[in-house]
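The structure follows.
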Amino acid sequence: MMRRKLRRSLLRRPGPPAALAVVFALAIGAFVGIRGAYGGIGESVLRAYAELGLPDLVADVAFAPTSTADLVAAVDGVAAVVPRIALDTTLVDRPGVRVRAVSVPREPQALGRVQVVRGRALSGGPGEALIAEAAATAQGIEPGDVVELRDADGAIRALRIVGVARQPQHLAMIPPNGYMSTPRSFSVLFVPEVEARGLLGRSGGVTSFDIGITPLAAVDDVAREVKRVLRRYRVTVTVGGKLASVRNIRSHLEALRAAALVFPLFFLLGGVVGAQILLGRLVRDERAFIGLMRAQGVGATVMAGHYLAHAGVTVVAGTALGLPIAFPLANAIRLIFASDLGVPATGAALDPGLALAAGVVAAGAALVGAGRPAWVAAQLRPAEALRPPVMASPGRALRRSRECVGGVRARLILRGMTRNPARLAMTAAGFGLAVTMAVAPAFMLREMGRVERRVDAVRTYDMRAVPNGVQGETWVAGLAAVVGVRAAEPVLELPVTVRIGAVDVDTYVLGVPENVRLLGVPVPSPGTALLADGLPSPGSNVTVTGPLDSIRLEVGGRVDYPLARPVVVSLTDAQRLVSLPDSVRTLLAGALGTAVLGASPVTSALLQAADGRVDEVARRVAALPGVARVDTVQVEKQDLRRIFALSRAFIGIIELFALLLGAALLYATVSVSAAERRREFAALRMLGMSTLGVGGLFVAEVAVMAVLGWLAGVPAGWWLARMALGGFPDFLPGGIPLDPLMALAVGGGALAVVLAVATPTVVALGRADLAAVAREGSL
Amino acid sequence: MAIDVRATSRVYAGGPASVHALRDVDLAVAPGQFVALLGPSGSGKTTLLNVLGALDTPTSGSVWVVGRDLATMSERQRTRYRRFEVGFVFQHFYLVPVLTAEENVLLAAGLVHAKGDARSWLDRVGLAGRAHHFPSQLSGGEQQRVAVARALAKRPRLLLADEPTGNLDTSTGTQVLHLLREASDGEGCTVVMVTHDDDLARIADRVVRLRDGRIVEDGCATEAVARDRT
């Protein structure tokens, strides 16, 4: 009998339970989908690292004799060493595309193995190359294509692509000093050693070592010893896990893992709140039924079980709806990440264990939500339940609001909301959750748009020319004389350690000339520094330590610098960090070369080309001796747009889920709210109040609730978005500002959704059978 | 006539189990008359009251009240009719629980922009001292008196009362009946009251008895009640 009653209860007013089932479906779909995608991608990345041998350490040197590999191998704790030659250059036929050519030893490698996924392996002879999979996909390069590279001497060398490959150090295409995977503008080519030597123009040496350590060795100790052994070759040792590509992939996976946890958690919270509201009001509505059943001898446990079964049915329906959503979601996320990060794309499969876990967690959430109403139903005494419900004595807040500003209708709205503080809190929580879920992805999307606009505003140059080694300002003057170049400005970028307060931060310094026009940043006066957003809060001074000197600068303020967090200083201050005193310079000039020790060194030149001549000028500048590469801003921006497009797709999916969940939760809350007060509203209509008038009262109430939810949801959503993007401190260093306009827009949107979901309820109020209500009990 | 009901039926459709709540009812009530609708449960008296109050629509026939044909009114017109012409007093009071006694009266008066002080209406029903109390702080009799004050505050031409003393003890019920009588006598209101208690019907000018949806008796209250007793 109770089963029949349960079925009829659900069918009598199917909207709210259906909406709750949708909430659970979205939670289960999001959890299984995102978690499944994370599991699949994470597993395939780890497998790739294990199968292909990700080095524990990578030691980069300027140039060291091949025999130094034996020195490294002799370090205590080192198990394997693979010496390599790497050269950063550009593709001649694709302006703006940077290339890192990495040598592949002829013999099988213990570490950093190259796995050919299309085409064939290298034969070992010159003129051949493999291209990294992510770059091949992004740039449309296939086996059989020929690419032209500029070697270290500026000569052009043609290489035939014989295959597409992946290597654990270079799954994601992160250029040197870069933060983002930019496979459209950065490629990794794997070339035979003989070809690498040809490109470098030097023989008998190497530029890096892939190092594997023994299982019991401490990475830091080995790194320290390797550094000591290779010190004279200007060595930089990087732990395998901190290689740019690995770090980037891990950041994304971490963000995906967090998303797989946080978003479904919020969705489930929505389910808890929804179940509590729905069941709480159902129990209040069915007091007489409960009293009757209890009077007829139905036990408290059966009564509680009946209402828990309500929640159980919604979870079962939610699971049935959610699991079919999960699989395409996991697949979509997997494709987005595989394409974005260059990780192996493994097929997504629905993990039965995960699905079961999701179902169990959702059931747990539903039981938590339904627990209290079920307990209340079980505790109701028959006589009490059978008495017509009487409104409890008004609380203090209600009595105080007696003299509130506004007419009777305003009091009706205010007291209608506040008469049951628990209900008000639950409803506002439901609204707040809906807003939180909708606002967090919106903030993330907005931040991406802001960064894109900021990049446009800052990078006002057409291209950036990077020299071979450090050059002087005269080199920039030479570039300015190239046909088609309208303006050329020097900049100096150096890795530095900045002491801000008591904190040392590894970042880079950006030195800009006083009259800079091609970089949209404020120019600090000499002696002062501008700290990019994302760096710690400054005191009044910072100490910047560069390769050759350390200077103390006054903090001139903050600068909103996109995609990085440099310390912006004047060019002259930056040059002090790499300049030797004149006497020392004179002494060393003969040994190291004047360019390195020049009086006014620069690391790149920003160029502006005449209208419509960017590609032509880029080719011309790239062909100049001393120019290592030319990066065009157009390609950089295309890369950024592509990366953001993929991120947007992922966040967009979350946003879609959040909006559906928000609407479902709001609908359930609003319709249950209206159903609970059906008789009260009908009484007002019997008095002669129009449907519009009654609907207005109801809409005003839910609108106030929506405002309360908005007040709680916007900060919560902001926090959630900051947390979600917090995994990318280099990528999005400025955090997410709490934009009032955005908050207002979200509030407007939430209000619109509330009005939209309230409309059918108001229509139902208008159609209520007044005669039937008149025959019912008290309000 | 204040009320002119002709050949009115109300059928609640339910397939073969349709319920004929009213069957060809004819009823005319003069302005200011106090009519009691008597009858056993299921006789159709509340349905007739609901039809007169435009809470329900007849399946057939015509229902003219204060010069308006309720059977052909739009929903908007029915709302306006309820607002300006009718005052309701229900068995379960239907006071708005979050409004005080005074505010309940003010709400109704505000709907018709009626002049007059809500407090004076409460005074007339003997509740001036309870104006700031919420319904839950009032006894059943007090709540029903507030309901009467609320109904009268709109200065309706028709006052419809459905078992107004059903939830009250005898003494309190008598007080409420006297208020309805005063409304009829003092305000010139046409009052139609549903009851199943012959003794209460005695206060009316006229008793209309229904059975199975038909009017089976229509006459002077005292005569009708006396006849029923014999």
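First the proteins, then the strands, lettered A, B, ... as listed; each starts at 1. Quantities reported herein were computed from a predicted structural model and do not represent experimental measurements.
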*Answer with side chain, backbone, both or neither: which region of B/Leu111 has an atom nearer than 4.5 Å to a non-hydrogen atom of chain A?*
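Contact with chain A: side chain only.
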*Would you say A/Arg372 has more than 12 foreign heavy atoms packed within less than 6.0 Å of its CZ?*
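Incorrect, the count does not exceed 12.
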*Nearest 0.5 Å please: distance from the CG atom of B/Leu106 over to the CZ atom of A/Arg409.*
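The CG atom of B/Leu106 sits 12.0 Å away from the CZ atom of A/Arg409.
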_Among the listed options B/Glu102, B/Lys154, B/Arg80, B/Arg150, the residue most often paired with chain A at heavy-atom distances under 4.5 Å_ =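 Option with the greatest count: B/Arg150.
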*Could you grab the distance from atom CG of A/Asp769 to atom CG of B/Leu55, nearest 0.5 Å is fine?*
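Answer rounded to 0.5 Å: 9.0 Å.
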*Atom CZ in B/Arg83, atom OG in A/Ser690: separation rounded to 0.5 Å?*
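Separation between the atoms: 5.5 Å.
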*Between B/Thr100 and A/Arg411, is any pair of side-chain heavy atoms under 4.5 Å apart?*
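No, too far: nothing below the 4.5 Å cut-off.
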*Does B/Arg82 reach the main-chain N or O of A/Leu687 with its side chain, forming a donor-acceptor pair under 3.5 Å?*
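Here the side-chain-to-backbone pair does not exist.
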_Using 0.5 Å steps for rounding, measure from the CZ atom of B/Arg76 to the OG1 atom of A/Thr691._
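Rounded to the nearest 0.5 Å, the CZ-OG1 separation comes to 10.5 Å.
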*At what distance, to the nearest 0.5 angstrom, does CG of B/Asn50 lie from CE of A/Met686?*
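Separation between the atoms: 8.0 Å.
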_Closer than 4.0 angstrom, basic N to acidic O: yes or no for A/Arg415 and B/Glu103?_
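Yes, charged N to carboxylate O under 4.0 Å.
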*asked:* Would you say NE2 of B/His196 has more than 12 non-hydrogen atoms from neighbouring residues, nucleotides or ligands within 6.0 angstrom?
replied: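 Open.
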*Give the member of B/Thr47, B/Thr79, B/Asp162 that has the highest number of heavy-atom pairs under 4.5 Å with chain A.*
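Most heavy-atom pairs within the cutoff with chain A belong to B/Thr79.
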*asked:* Using a strict threshold of under 4.0 Å (side-chain N to carboxylate O), is an ion pair present between B/Glu75 and A/Arg685?
replied: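 Looking at B/Glu75 together with A/Arg685, the answer is yes, because their closest N to O distance falls below 4.0 Å.
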*Separation between CZ of B/Phe88 and CG of A/Leu770, rounded to the nearest 0.5 Å*: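 Answer rounded to 0.5 Å: 8.5 Å.
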